[in-house]
Amino acid sequence: MVDKILFKRKKIGIIGVGNMGQTILHGLLASEAIPVENVFIANRTPGKIKKIQEKFKVRSFDNNEELIDFCDVVIIAVKPQDFSGCIENIAGAFTDSKIVISLAAGITAQSIQNLLPAVTQIIRVMPSTPAKIGKGVIGYTLNHGAKNLDTFIESILSPLGYVIQTEEGELFEALTVSCSSGVGFVFEFMQYWQEWLEEHGFEENIARKMTVQTFLGAAMLADKDSVNSIEELQNKVVSKKGVTSSGLSSIREMEIERSLRYSFEKAVLRDRELGKQVN
Ligand SMILES: NC(=O)c1ccc[n+]([C@@H]2O[C@H](COP(=O)([O-])OP(=O)(O)OC[C@H]3O[C@@H](n4cnc5c(N)ncnc54)[C@H](OP(=O)(O)O)[C@@H]3O)[C@@H](O)[C@H]2O)c1
């Protein structure tokens with residue numbers, strides 16, 4: 001309880017309020033995990049700042065350095081390609097008391113440490129776009145100096161989805177690809193579903209609703225039923241030589257699992273490549 005009150009007093013700054021910066025901002029404010037007067041933003045394009053301020057009523061800084069000076073916790077939400085350019089000239093503003101939270105795919109805590117030598121507390125967070133509505137998976141990993149910050153980070157992240165702490169490396173990469181990029185993969189499937197329904201005569205908005213409810217229904221059933229494995233739940237849809245069985249055979253013949261695994265592995269390689277932008 002005392003911790004929670006202390007956390008609420010921390011000043012949190014977000015550098016880069018694009019897709020994910022705004023998602024985190026939205027989630028944080030909606031959850032009331034941090035009061036709006038303690039949340040600050042900065043962004044390269046000033047026009048974006050103005051719109052976001054109007055929408056969220058948060059205060060902003062004209063430049064990143066001022067935000068870093070003022071805030072206890074700095075969330076860096078710029079693209080991995082922009083990461084070092086965004087902080088290397090102002091690394092001195094990151095004094096040893098600052099907590100740095102990076103959302104950047106691929107960029108390791110060690111690389112961040114190399115860029116910001118004074119900082120000892122580094123947290124990598126891997127959110128996904130459903131964080132905007134408090135859903136999906138949100139992973140985090142703590143560097144050595146941040147090991148005691150798990151309660152703090154979970155109090156910020158838990159309103160944004162299902163939170164998992166992992167080690168850096170294979171686990172964090174797998175989480176990044178399957179749960180963060182994975183949302184994009186699921187939307188790819190959902191588009192196929194909707195398009196097929198439309199081709200068969202359903203109106204666009206109805207086809208969309210049918211698609212969403214099918215995915216939601218399956219996901220919620222799997223979520224609520226803790227007894228049956230996903231395979232067992234699938235078996236309940238399948239009757240021997242029935243309609244589902246026939247469709248599933250084709251899915252397996254077409255080796256969709258192999259294709260998906262290949263996509264995951266490719267995405268992991270890209271994650272590593274992005275990490276090499278900062279060393
Ligand atoms: N999108 C996702 O689903 C997702 C999921 C997990 C993690 N992430 C991570 O989240 C980070 C942001 O991704 P995104 O999709 O939100 O990208 P984005 O939409 O392009 O947003 C990046 C924002 O950073 C701003 N920016 C760039 N350089 C800056 C600088 N030097 N100072 C201040 N602001 C600067 C950009 O400003 P402008 O307005 O000038 O472009 C833009 O608003 C990435 O590192 C990504 O790996 C994203």
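None of these values were measured; they are calculated from a predicted model. Atoms within each ligand, like the ligands themselves, are counted from 1 in listed order.
In this view, E265 satisfies the salt bridge (charged side-chain N to carboxylate O under 4.0 Å, His left out) rule with no residue, not counting sequence neighbours. Take T141 and apply the side chain to side chain donor-acceptor pair (under 3.5 Å) test, not counting sequence neighbours, and it matches no residue. Residues forming a side chain to side chain donor-acceptor pair (under 3.5 Å) with T176 (at least two apart in sequence, or on another chain): none.
Between the side chain of S60 and the main chain of I49, no donor-acceptor pair closer than 3.5 Å is present.
Closer than 4.0 angstrom to ligand 1 lie heavy atoms from I15, G16, V17, G18, N19, M20, N43, R44, T45, K48, N64, A77, V78, K79, P80, D82, C86, L103, A104, A105, M126, P127, T129, S180.
A donor and an acceptor atom, one from each side chain of N235 and E232, are nowhere located under 3.5 Å apart.
Taking the six-membered ring where the residue is Trp, the centroids of F172 and Y140 are separated by 6.0 Å or more.
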